[in-house]
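I have placed the structure first, in the form of C-alpha coordinates, so that the comments after it can refer back to it.
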Amino acid sequence: MLGNQAAATEYNTLAKSLATKWTELAKDGDHYSLAFGANNTWSQKYNLVWDEVLNLKIFPPQVAEKEVAFYQRQQRKFGLPLDSRKTYTKSDWILWTATLAANQKDLNH
(Lines give C-alpha, C1' and ligand atoms only; values in the text may rest on other atoms or scores of the structure.)
Protein backbone atom coordinates (compact mmCIF):
# COMPACT_ATOMS: atom_id res chain seq x y z
CA MET A 1 0.00 0.00 0.00
CA LEU A 2 2.98 2.29 0.52
CA GLY A 3 4.35 1.49 -2.92
CA ASN A 4 7.47 -0.21 -1.60
CA GLN A 5 7.34 -3.27 -3.84
CA ALA A 6 10.80 -4.53 -2.78
CA ALA A 7 9.80 -4.67 0.90
CA ALA A 8 6.42 -6.21 0.03
CA THR A 9 8.12 -8.95 -1.98
CA GLU A 10 10.69 -9.59 0.76
CA TYR A 11 8.07 -9.92 3.50
CA ASN A 12 5.74 -11.99 1.34
CA THR A 13 8.55 -14.40 0.52
CA LEU A 14 9.50 -14.68 4.19
CA ALA A 15 5.87 -15.24 5.23
CA LYS A 16 5.42 -18.01 2.65
CA SER A 17 8.65 -19.62 3.79
CA LEU A 18 7.52 -19.59 7.42
CA ALA A 19 4.10 -20.96 6.44
CA THR A 20 5.82 -23.84 4.65
CA LYS A 21 7.91 -24.57 7.75
CA TRP A 22 4.78 -24.41 9.92
CA THR A 23 2.95 -26.93 7.73
CA GLU A 24 5.85 -29.35 8.12
CA LEU A 25 6.35 -28.84 11.88
CA ALA A 26 2.62 -28.95 12.72
CA LYS A 27 1.78 -31.92 10.47
CA ASP A 28 -0.10 -34.58 12.47
CA GLY A 29 -1.58 -37.03 10.00
CA ASP A 30 -4.99 -35.81 8.85
CA HIS A 31 -4.69 -32.38 10.51
CA TYR A 32 -2.24 -29.91 12.04
CA SER A 33 -1.37 -30.09 15.73
CA LEU A 34 -2.09 -27.62 18.51
CA ALA A 35 1.65 -27.09 19.05
CA PHE A 36 4.82 -28.36 17.42
CA GLY A 37 5.62 -31.87 18.60
CA ALA A 38 2.25 -32.25 20.33
CA ASN A 39 0.91 -35.23 18.39
CA ASN A 40 -2.76 -36.17 18.70
CA THR A 41 -3.74 -32.59 19.51
CA TRP A 42 -5.50 -30.02 17.36
CA SER A 43 -6.95 -26.52 17.39
CA GLN A 44 -9.15 -24.35 15.21
CA LYS A 45 -6.94 -22.51 12.75
CA TYR A 46 -9.39 -19.59 12.75
CA ASN A 47 -6.75 -16.99 11.89
CA LEU A 48 -6.40 -18.50 8.42
CA VAL A 49 -9.47 -16.38 7.65
CA TRP A 50 -7.22 -13.33 7.29
CA ASP A 51 -5.08 -15.02 4.64
CA GLU A 52 -8.27 -15.34 2.60
CA VAL A 53 -9.88 -11.99 3.48
CA LEU A 54 -6.70 -10.04 2.71
CA ASN A 55 -5.95 -12.23 -0.34
CA LEU A 56 -2.39 -12.84 0.89
CA LYS A 57 -2.10 -16.43 -0.37
CA ILE A 58 0.52 -17.21 2.29
CA PHE A 59 -0.83 -20.68 3.08
CA PRO A 60 -1.62 -23.19 0.35
CA PRO A 61 -5.35 -23.96 0.03
CA GLN A 62 -4.68 -27.57 1.06
CA VAL A 63 -4.09 -26.41 4.65
CA ALA A 64 -7.66 -25.13 5.01
CA GLU A 65 -9.07 -28.13 3.13
CA LYS A 66 -7.29 -30.56 5.45
CA GLU A 67 -8.41 -28.71 8.56
CA VAL A 68 -12.06 -28.40 7.46
CA ALA A 69 -12.23 -32.13 6.73
CA PHE A 70 -10.80 -32.84 10.18
CA TYR A 71 -13.13 -30.35 11.92
CA GLN A 72 -16.17 -32.10 10.48
CA ARG A 73 -15.26 -35.12 12.58
CA GLN A 74 -14.71 -33.03 15.73
CA GLN A 75 -18.14 -31.37 15.89
CA ARG A 76 -19.95 -31.53 19.24
CA LYS A 77 -23.47 -30.62 20.39
CA PHE A 78 -22.66 -26.91 20.69
CA GLY A 79 -20.26 -26.65 17.79
CA LEU A 80 -16.60 -27.16 17.09
CA PRO A 81 -14.46 -27.05 20.25
CA LEU A 82 -11.63 -24.52 20.33
CA ASP A 83 -9.09 -27.32 20.52
CA SER A 84 -8.46 -30.84 21.76
CA ARG A 85 -8.09 -29.89 25.42
CA LYS A 86 -11.74 -29.04 26.23
CA THR A 87 -15.18 -29.16 24.62
CA TYR A 88 -16.14 -25.49 24.96
CA THR A 89 -16.14 -23.16 21.99
CA LYS A 90 -16.61 -19.54 20.88
CA SER A 91 -19.09 -18.46 18.25
CA ASP A 92 -16.78 -15.84 16.71
CA TRP A 93 -13.97 -18.36 16.22
CA ILE A 94 -16.44 -20.87 14.77
CA LEU A 95 -17.53 -18.24 12.24
CA TRP A 96 -13.97 -17.42 11.26
CA THR A 97 -13.19 -21.13 10.97
CA ALA A 98 -16.33 -21.70 8.89
CA THR A 99 -15.01 -19.28 6.26
CA LEU A 100 -12.31 -21.86 5.48
CA ALA A 101 -14.89 -24.21 3.95
CA ALA A 102 -14.79 -24.23 0.17
CA ASN A 103 -18.50 -24.95 -0.21
CA GLN A 104 -21.82 -25.13 1.63
CA LYS A 105 -21.79 -28.91 2.09
CA ASP A 106 -18.64 -28.63 4.23
CA LEU A 107 -20.60 -26.47 6.66
CA ASN A 108 -23.49 -28.90 7.11
CA HIS A 109 -21.93 -31.04 9.82
Side-chain angles (χ1 to χ4, degrees):
M1 290 177 69
L2 296 174
N4 188 342
Q5 190 58 47
T9 299
E10 176 185 356
Y11 289 124
N12 187 276
T13 300
L14 177 60
K16 285 182 178 181
S17 170
L18 292 172
T20 298
K21 287 180 185 178
W22 177 87
T23 59
E24 288 302 313
L25 292 171
K27 195 181 298 182
D28 192 10
D30 61 351
H31 66 283
Y32 296 96
S33 62
L34 173 66
F36 300 143
N39 292 339
N40 301 311
T41 65
W42 62 274
S43 64
Q44 287 187 47
K45 307 305 185 287
Y46 54 86
N47 279 322
L48 282 174
V49 65
W50 306 115
D51 193 46
E52 180 72 24
V53 168
L54 299 173
N55 198 31
L56 298 172
K57 299 185 183 343
I58 302 297
F59 288 87
Q62 295 85 356
V63 170
E65 292 166 8
K66 187 178 209 176
E67 287 294 288
V68 168
F70 181 77
Y71 298 154
Q72 290 174 348
R73 296 186 304 276
Q74 305 309 313
Q75 293 293 329
R76 301 295 180 260
K77 182 177 180 179
F78 296 107
L80 180 66
L82 298 177
D83 58 46
S84 56
R85 297 173 292 183
K86 301 283 184 189
T87 59
Y88 53 80
T89 192
K90 289 182 68 200
S91 59
D92 55 340
W93 288 3
I94 288 176
L95 282 172
W96 292 0
T97 299
T99 68
L100 304 179
N103 56 61
Q104 185 68 35
K105 80 171 182 59
D106 291 338
L107 297 174
N108 294 334
H109 285 79

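Residues passing the side chain to side chain donor-acceptor pair (under 3.5 Å) test with R73, sequence neighbours excluded: D30. The salt bridge (charged side-chain N to carboxylate O under 4.0 Å, His left out) search around K21 returns none, not counting sequence neighbours. With sequence neighbours excluded, no residue satisfies ring-ring contact (aromatic ring centres under 6.0 Å, His included) with Y71.
Of all non-hydrogen atoms in R76 and Q74, the two that sit nearest each other are NH1-O, 2.9 Å.
The CZ atom of F59 lies 11.0 Å from the CG atom of L100; values are rounded to the nearest 0.5 Å. One distance of note links NZ of K16 with CG of L56; it measures 9.0 Å at 0.5 Å rounding. Here the CG atom belonging to D83 is positioned 9.5 Å from the OG1 atom belonging to T89, to the nearest 0.5 angstrom.
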Where do Y88 and F78 land on the side chain to side chain contact (heavy atoms under 4.5 Å, CB included) test, with the steps shown first?
CA-CA 8 Å; Y88 53 80; F78 296 107; over 6 Å; no

Identify every side-chain donor-acceptor pair in residues 35-48 under 3.5 Å, counting partners at least two apart or on other chains, and give the distances.
{"residue": "T41", "atom": "OG1", "partner": "L34", "partner atom": "N", "Å": "3.0"}
{"residue": "T41", "atom": "OG1", "partner": "A38", "partner atom": "O", "Å": "2.5"}
{"residue": "S43", "atom": "OG", "partner": "K45", "partner atom": "NZ", "Å": "3.2"}
{"residue": "Q44", "atom": "OE1", "partner": "T97", "partner atom": "OG1", "Å": "2.6"}
{"residue": "Q44", "atom": "NE2", "partner": "L80", "partner atom": "O", "Å": "3.1"}
{"residue": "Q44", "atom": "NE2", "partner": "P81", "partner atom": "O", "Å": "3.0"}
{"residue": "K45", "atom": "NZ", "partner": "Y32", "partner atom": "O", "Å": "3.0"}
{"residue": "K45", "atom": "NZ", "partner": "S43", "partner atom": "O", "Å": "2.8"}
{"residue": "K45", "atom": "NZ", "partner": "E67", "partner atom": "OE1", "Å": "3.3"}

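Other residues sharing the hydrophobic cluster of L18, ordered by chain and number and joined by side-chain separations under 4.5 Å: L14.
Hydrophobic clustering (ILVMFWY, side-chain heavy atoms < 4.5 Å, transitive): V53 and L95 are in distinct clusters.
Sorted pairs that involve residues 47-65 and meet salt bridge (Lys or Arg N to Asp or Glu O under 4.0 Å), not counting sequence neighbours, are lacking altogether.
The main-chain N or O of T9 is found under 3.5 Å from a side-chain atom of T13 such that the two form a donor-acceptor pair.
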